[in-house]
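Encoded as structure tokens, the structure appears first; notes follow it.
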Number of protein chains: 2
Amino acid sequence: MGIIQDIATIPLFRGLPDKHLEDLAMIVVDQVFQRGQVIFSEGDDGNGFFVAITGRVKIYKMSPDGKEQILHIFEPGEPFGEVPVFTGQQFPANAEAMKECRLYFFPRDSFVHLIKKNPSLALNMLAILSKRLRRFTMLVENLSLKEVPGRLAAYLLYLSDKGEGARDLELSITKGQLASLLGTIPETLSRILGKMSGQGLIETEGPKIKILDPRGLEDLAEWGHL
Amino acid sequence: MGIIQDIATIPLFRGLPDKHLEDLAMIVVDQVFQRGQVIFSEGDDGNGFFVAITGRVKIYKMSPDGKEQILHIFEPGEPFGEVPVFTGQQFPANAEAMKECRLYFFPRDSFVHLIKKNPSLALNMLAILSKRLRRFTMLVENLSLKEVPGRLAAYLLYLSDKGEGARDLELSITKGQLASLLGTIPETLSRILGKMSGQGLIETEGPKIKILDPRGLEDLAEWGHL
DNA sequence: CGTGGCCTTGATAAAGTTCAAGAGCCGTGG
DNA sequence: CCACGGCTCTTGAACTTTATCAAGGCCACG
């Protein structure tokens, strides 16, 4: 019960007529994944895509020697795994539940059929993919053009912005995961957090980080040094 | 003369009825850019997108201290600059003509209008954006998980595949640009090309690169060392 | 023939990774 | 209630990779 309501709250489906929401409810598959469970792996055939209803999902790549790069972390309401739906190929990366997740799975054919009949659904999906391209652009910029302190500063400011400018942040992921998100390793992240504390930019206590000098962080994010 | 034919050959518009091709021809703006000319800059408002008809276009990011990361190089037939069309924001990166280019510009509103009436156009665009996401995934993987020799090996194999397995490659861009594409600098690229020659993997002569040991390159691309 | 662009090479320095060890934390079970 | 094992995080030292700085070579074009 409540599937239609759940679907209606997904931004991707905003503005859809009730009739189409019902159609979606007919084709959706409700799935639950446990923390640490693999949702799909790079190279698997993708016969549809997912929307997170509860929980948190990471999309990541692995190098042969075990280093992980997180590409994205999806929260409730966000769709993922759409790429093969439209290219007809395999998933380009892996997906894993970071905690217990409830996911809605939308099979490819039914969804494409629906898109053909509903331009606003197509435009919603185009907007989502475009936003994702924008994020990837930033990720590439960070990885290639900034060094780790700059990436970390940018991430902290991003968190602060998301929390309406809050100075007191609390990491919702472990520092190890944060390292993987920033394209580095826990040791390096740890050292840089220490250095930034020493310079009076931030204050850390476990998963809590207090921003002491937002301007200093901005300079760091922009220029790569203080 | 010829505009409709040009438009009809663009993969994005494949399968469109003639009537819609004519509509497109009505809204398109034909533009020419000289080598080195800026097409748009990061932060500019995007009121439409481009399709390359002739020439070559690079999409890139710059760091404050001048290092460049090429995100993409577009050849004739490929659309670019679509992100702001669907998110309503600014261009996330810069675009510059690498040689004299003829571009078709499609204004946003007319195009969105057309998409609403034509699901197959929407699906074509979704496929293109999805492919681009896939490419970005590979770029991130390369930048974060591989070191420069691995990236170079992967790029050479990609060129070889594109040329139906050809062993004799010819770079269509300068080595400096290749360095920027691989997320490094010309000096480093030069050294690594030298090292790879010394190991008998390739043979270089100016812009020509001959692949001597494809298996060796695959190992390098996969594992980061021979 | 000189000038500017592009590429190469060498010496040096910086940033990040690896390896190793240890500290803090927490849930489980004796 | 406390001890143990596992996990995350931190710190140190050596090492690797890459960037930086500087200089010189090659080549096309005027």
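What you see is a predicted model, and the numbers here were worked out from it, not measured in a lab. Labels below follow one simple rule: chain letters A, B, ... track the order of the sequence lines, proteins then strands, and each chain is numbered from 1.
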Sub-4.0 Å heavy-atom contacts from residues 135-155 of chain A onto DNA chain C, ordered by number: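 Correct list: A:Glu147, A:Val148, A:Pro149.
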Can you list, by residue number, the residues of residues 179-197 of chain B that have a non-hydrogen atom closer than 4.0 angstrom to DNA chain C?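 Output list: B:Glu187, B:Ser190, B:Arg191.
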Those residues that, when tested against B:Lys61, pass side-chain hydrogen bond (donor to acceptor under 3.5 Å, both in side chains) (two or more places apart): A:Glu141, B:Glu42
Count the heavy atoms of every other residue, nucleotide or ligand shown that sit under 6.0 Å from CZ of A:Arg167, and state whether that count exceeds 12. yes
List the atom of A:Leu181, the atom of A:Leu139, and the distance in Å for their closest heavy-atom pair. O-CD1, 4.3 Å
For [X] and [N], what is the distance between atoms [atom1] and [atom2] respectively, to the nearest whole Å?
{"X": "A:Lys208", "N": "C:dC25", "atom1": "NZ", "atom2": "P", "answer": "12 Å"}
{"X": "B:Ile209", "N": "C:dC7", "atom1": "CD1", "atom2": "C1'", "answer": "13 Å"}
{"X": "B:Met98", "N": "C:dC6", "atom1": "CE", "atom2": "P", "answer": "11 Å"}
{"X": "B:Ile173", "N": "C:dC7", "atom1": "CD1", "atom2": "C1'", "answer": "15 Å"}
{"X": "B:Asp65", "N": "D:dA19", "atom1": "CG", "atom2": "C1'", "answer": "11 Å"}
{"X": "B:Leu178", "N": "C:dC7", "atom1": "CG", "atom2": "P", "answer": "10 Å"}

Are B:Glu96 and B:Ile39 close enough, and set up right, to give a side chain to side chain contact (heavy atoms under 4.5 Å, CB included), and what steps lead you there? CA-CA 5 Å; B:Glu96 184 186 309; B:Ile39 299 166; 5.8 Å; no
Ignoring hydrogens and angles, state whether a donor on the side chain of B:Asp6 or B:Tyr104 is under 3.5 Å from an acceptor on the partner side chain. yes
From CA spacing to verdict: salt bridge (charged side-chain N to carboxylate O under 4.0 Å, His left out), A:Asp30, A:Arg102: CA-CA 7 Å; A:Asp30 193 348; A:Arg102 180 139 163 263; 3.1 Å; yes
Taking B:Phe80 as the fixed residue, which of B:Phe105, B:Phe74, B:Phe49 is the one that meets the ring pair (Phe, Tyr, Trp, His ring centres under 6.0 Å) rule? B:Phe74
Taking OP1 and OP2 of D:dA19, is either one under 4.0 Å from a side-chain nitrogen or oxygen of B:Lys67?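 For B:Lys67, the contact criterion (side-chain N or O under 4.0 Å from OP1 or OP2 of D:dA19) is met.
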Parallel, tilted or perpendicular: which one describes the rings of B:Phe33 and B:Phe50, with boundaries at 30° and 60°? perpendicular
